Every structure is written in structure tokens, then in C-alpha cells.
2 protein chains.
Amino acid sequence: MTEIQRPGALYQQVAAAIRGAILSGEFTPDSLLPSEAQLMARYQVSRPTVRNAVAALRAEGLIDVRHGKGSFVRSGSQPALTIERRISRTSDGQFVMPNGDVWTEAEQPSTYRTRTTKTTGHFLALNEEEALFGCDRLLTDPETGTRAMHRTLIPFEVTEGAPALAEEPGKTPAEVYRTLTQAGHKLWWSETVRAHMPMPDERTTLQLPDATPILHLSRVTHGANDRPLILEEFRVGADRAELAYRITADKQTTRRRPA
Amino acid sequence: MTEIQRPGALYQQVAAAIRGAILSGEFTPDSLLPSEAQLMARYQVSRPTVRNAVAALRAEGLIDVRHGKGSFVRSGSQPALTIERRISRTSDGQFVMPNGDVWTEAEQPSTYRTRTTKTTGHFLALNEEEALFGCDRLLTDPETGTRAMHRTLIPFEVTEGAPALAEEPGKTPAEVYRTLTQAGHKLWWSETVRAHMPMPDERTTLQLPDATPILHLSRVTHGANDRPLILEEFRVGADRAELAYRITADKQTTRRRPA
DNA sequence: AGTCGTAACTCGTAAGGACAAGTGACGTCT
DNA sequence: AGACGTCACTTGTCCTTACGAGTTACGACT
């Protein structure tokens, strides 16, 4: 048994002791931790203190607590899904559509109209409050059950150049890309990866466990004159998926966003 | 003032009310929220209930709480740093070294020896418990103060093919790449992006705020015969940096990791 | 004028008690 | 045998009370 140490708050000492016991292997993955009552006796602290310590470990993603059952050591498992983002062209010079072959739509896509925010405007090189077509999808990987949220945003002014886009804002990305290439655009993409904690609605629709961040991929499709045409947002639980890029030669610069 | 609603636990109702007030703009970014005492009076609940609600919003990354001062609405700011990962070669056919021009080393790098874990072994196509050289760096972006952790892992058996590597495990990635190309390797890279919550030591060294996940980039350098040579791990706070990839043509497949 | 202490605010920690609600096993009743 | 109710266990919620500790402003003292 790991003894509690001097420094810091009591609940931090308890948390550190439990954390140490987990990392040292005393508590193995998927095993049941001592109950709150047992931890109270073990460390001679009150229940709020124990709960505070447990909450800290929960926020770190180290344990899972289930009502009526107990606390379990989370297995440090790797994401089951590796989403590969290849760079090279296919042999016939065509590109393969993203999300085409794997994900299935769990619901009917919902289409709507919005306006650019600061963030979406930045990606689309537009000011705020510009009109957009939007389409939200809930995707599921049938094999692993992984869920993902997909959003397509197309500026009104882009649909003017490609009227076919305006007819069906709820098309799949594959169909949209085909429309654009048929309109003479030579496409390229830029993908920006961020991570953040989920909002309550994201946590429920993606069925995220505690302390699970979201991997947030923003993909901008560029056409003629490098004009940004479409913004796609793709969100998955970071416990279920990872993104893999393949790079044949590399140049990295770092750009600072103007304040 | 947003009234609290019926469903769910009391503290959840309070949290939802405050969250609504923030999202609706009643409380603007960087502004001071009502103190715990005021929230107690406002919603007619006890202090633990208020603290529970505040803790929930804190875990969502919606607010920042500072001892002695109060709770502040977090500004939904974008990461200040965009780390661009370009795909195309430079004009002279050379690649530019990553991390060379921007990051400065905050401390002396520490070199050591370890063994592969399940994860690192997977990336390096090695079994577990294979011997590795390791080198850890703490990097800083001098302009924004953003900190990052960098780790280089080189298998022993790779250094046998390139003795220069064994002499100085603490070399910068640029020097290591140069050594490898001089040894006749034609390099390419694969980068895997994951996100997870920080461990306590990561939170302190990266100086992360509450509810801030880590963007975790694993970069594998491949040489002749596509052999994995080097594994680099790069970790930044997701509040400070994002990763940007530029893709000229795209093919995406999704691979499942064997259980 | 400048320094310093104090008071009044803030959140942080800790303890106590009480009851609700989910879970699983065990025994009883049908 | 099967269904069902009860009980003992778990965590979840909520309250009260008390004190520690960081922050700020104001006023008194030097």
C-alpha cells in the first residue's frame, strides 16, 4: 500500500497515492478500485476528501466510476480507429473521396443556413456574418461503433459559381467534390487539427466517457486561384480515433495568428 | 437571468443555467462571474451545490477560476500557434528540418536509455522491451511563450547501421536527419495525431490551464525499405497550438487496429 | 509620501450527516 | 424452474459548518 505524502492538500495526497498505486501496477487495468468507504478507512479521511481525490483521477482519465458498481482502472488502450490521410495521388490521377467507404450515416443529414463565425470565417477567408449553407451528419463506423460528427459549410457566394451546389446542400462530400471538379476546379485541401473538451451536447451525441477530449479536424477545400470553397468540420472522440498523415518530404514553418 | 430548469440533479440545473447565460452572451468573455455566495443566493442552493456546478463548467473549459479573485468566462480564443506541416518539397529538393527555426530549447536535453512500450513498439515495428536511446527536450516558442515537450527515440539496432547516431543521442532532429541522409537513407515520415488529458507532470511542465487536452504528435521517420528508424513524440497544450496539413491530392482509408 | 496592517472580499479544503439511486445476490413465493 | 422482492453493497446528491489562503483596498502609522 502506498502511503500518503506530505506536500499539498489532503485530497491531492490521496489522489497521488492512488495514482501511484495504479501506475506502479498495484491496481491493474479494468480492476476494481477500493470503494469510497474502504479508501476512507485506508487513508483515514472523510468521504468528501475521498470523492475529491477520485474526481481528480477521473478528470485525468485514469479511472472510470460507475454508479452502484465502483471505480475501475481505465485501460490505457490505443484508439481503435486510425484515420489515414494520404498525400499521394492514386494511380489514375483521381482522388478518393474522404469518408466514403467506411462511415455510415446514423441519421438523416440536417441542412440549414447560418452565418460565418470568427473561426469559420477565418478558414473560408470571409468576414463574419456571411451567409452559409450548412449540413450536419452523424457518422458511425459500423465495425467499432465509433461515432463522429461531420459538418459541411458552403458560402452562398460559392454556390453562385456552381449552381448545382445550391440545389442540394445535403449532398455527401464526395458528390460536392465531383460537382466542383466538373465545374473546372483543381482541388487541394488544407487540414487543421485541434483538440478541446466537449460541450454537453457533443458528449452525448458522441457518447464520450469522462475526461475525453475531441479531435477536431477542419478541412478546407480550395479551388481555382486557391480560393477557399468549402469548410468541413469533423469531430471524433480522442479515445476512439487518431489521425495519420503520410509525408514524403517535409517543410515546417510556424505561423502566429495576429492578436 | 436564466432560471434553473426541472430535469436532472440540482447542480446540473445550476450549471446549465450558468452555461446558458454564458452562451447567450449575458456573461461576456473575460468578465467576472457572480461569486459563489451570489450564486447561492441567486439559485437558492448551498455552497457545495454551487461549487459542483462551477466544477462542471470548469471541466468543460468554459470558465477559469482563480483563488481569491473569482470565476472568469474563458474567451473562446483560437490557438496562437499554427504549426504547419507542408507536404511539398522545397525548390532545391531539400527538406527543411522541423522545429529548427522557431522553437528554442528551454533546458538542456536529457538523454537516457529505455525500452519499447506497447505503443512505441507499434510505431517502430518492434516488439516490447527492445532497447532504445531516448532524448527529452523542453521547447519554448519565444514569441508566444508556448511550451512543448519533444522526445526522440532511436532503437539500438538502428544506431548500429549508423554509428554516428550512437555517439550523440542528444542531437537535434535536424542533425539526426542529416546523419541518416548521409548514410544513404531516403527519408519519409508518417505522423499520427492523438489527444488526451495531461498527467500531472505534463500539466505542470506545459503550464496547462484546467480542462486543457494535449495534442500529441507521433512522427516516425522511415528510411530504406520503409524501415522505421526514429520515433519523435511532440506534445503541446491544445489551447496554444494547432496542426495544419496541406494536401494536394487526397486518399483516405480507415484502418482498424487489431484487438 | 511611503509603508504596512487589517478588513473584507474571494475561492480552497475538510469534516459531519442524511437520503436517493443504481447494482447484484440471495431467498422466497408462485 | 422461474419470477419477484428484499437487502446489502456501491456511488450520487445535498445540506451545514468551519477554517485556510489568496487578493484587494483602505486607512493608519511612520
Side-chain angles (χ1 to χ4, degrees), chain A residues 4-19 22 27 30-74 200 203-204 207 209-211, chain B residues 4-19 22 27 30-74 200 203-204 207 209-211:
Chain A
I4 65 180
Q5 302 296 323
R6 269 306 85 222
L10 230 196
Y11 81 93
Q12 294 280 17
Q13 301 172 33
V14 174
I18 302 176
R19 189 187 302 115
I22 292 174
F27 300 131
D30 291 325
S31 70
L32 193 58
L33 243 56
S35 73
E36 295 179 355
Q38 290 170 323
L39 293 173
M40 287 170 65
R42 177 155 165 165
Y43 298 117
Q44 288 296 302
V45 294
S46 68
R47 185 152 173 245
T49 302
V50 166
R51 284 188 64 78
N52 215 340
V54 167
L57 299 174
R58 215 201 310 211
E60 293 172 24
L62 221 53
I63 63 176
D64 252 334
V65 182
R66 268 172 285 178
H67 190 172
K69 302 192 72 171
S71 304
F72 297 82
V73 180
R74 207 180 264 188
R203 173 149 55 231
T204 57
Q207 300 175 333
D210 280 339
Chain B
I4 65 180
Q5 303 295 323
R6 268 304 85 222
L10 231 194
Y11 80 94
Q12 294 280 15
Q13 302 171 32
V14 174
I18 302 175
R19 190 186 301 115
I22 292 175
F27 299 131
D30 291 325
S31 72
L32 193 57
L33 244 54
S35 72
E36 294 180 357
Q38 290 170 323
L39 292 173
M40 287 168 65
R42 177 155 168 166
Y43 298 116
Q44 289 297 300
V45 294
S46 69
R47 184 150 174 245
T49 301
V50 167
R51 284 188 63 78
N52 216 340
V54 167
L57 300 174
R58 215 202 311 210
E60 294 171 24
L62 220 53
I63 63 174
D64 253 334
V65 182
R66 268 173 285 176
H67 191 174
K69 302 193 76 170
S71 303
F72 298 82
V73 180
R74 206 179 266 189
R203 171 149 56 234
T204 55
Q207 301 175 331
D210 279 339

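Everything quoted here is computed from the prediction, not taken from an experiment. Per chain, numbering begins at 1; letters A, B, ... match sequence-line order.
The two residues A:Thr49 and A:Tyr11 come nearest to each other via the heavy atoms O-CB, 3.7 Å. B:Val14 and B:Ala53 get closest at one heavy-atom pair: CG1-CB, 3.7 Å. In this structure, A:Asp210 and A:Arg74 approach most closely via the heavy-atom pair O-NH2, 3.0 Å.
Remark: B:Thr49 is in phosphate contact with D:dC15, judged by side-chain N or O atoms under 4.0 Å from OP1 or OP2. For B:Ser35 and C:dT10, the shortest distance from a side-chain N or O to OP1 or OP2 is below 4.0 Å. For the pair B:Arg51 and D:dT13, the criterion of a side-chain N or O lying under 4.0 Å from OP1 or OP2 is not met.
No N or O donor and acceptor, one from the side chain of A:Arg47 and one from the base of C:dG17, sit under 3.5 Å apart.
The distance from atom CG of B:Leu33 to atom P of C:dC9 is 19 Å, rounded to the nearest whole Å. With rounding to whole Å, A:Leu57 atom CG is found 15 Å from D:dT11 atom C1'. In this structure, A:Tyr43 atom OH and C:dA14 atom P are separated by 15 Å, rounded to whole Å. The interatomic distance linking B:Glu36 (CD) with C:dG12 (C1') rounds to 9 Å, in whole Å. Remark: C1' of C:dC11 and CG of B:Asp210 are 13 Å apart, rounded to the nearest angstrom. Between A:Asn52 atom CG and D:dT13 atom C1' the separation is 15 Å, expressed in whole Å. Rounded to an integer number of Å, the gap from B:Gln38 CD to C:dA8 P is 17 Å. As a whole-Å value, the separation of B:Tyr11 OH from D:dC15 P is 13 Å.
A donor-acceptor pair under 3.5 Å is absent between the side-chain atoms of A:Gln207 and the main chain of A:Thr204, judged by distance alone.
Contact of the A:Leu33 side chain with the A:Phe72 side chain is not registered, since no non-hydrogen atoms from C-beta on lie closer than 4.5 Å.
Residues A:Lys69 and B:Ser71 each lie close to DNA chain C; by heavy-atom proximity, the contact nearer the 5' end of the strand is made by B:Ser71. Mapping A:Gln12 and A:Met40 onto DNA chain C by nearest heavy atom places A:Gln12 closer to the 5' end of the strand. In terms of position on DNA chain D, the residue among A:Arg66 and A:Pro48 whose nearest nucleotide sits closer to the 5' end is A:Arg66.
Each of D:dT13, D:dT11, C:dA15 was ranked by its minimum atom distance to the side chain of A:Val65; first place goes to D:dT11. Comparing C:dG12, D:dC14, D:dG12 by their nearest atom to the side chain of A:Arg58 picks out D:dG12. Residue A:His67 places its side chain closer to C:dG22 than to any other of D:dC15, C:dG22, C:dC11.
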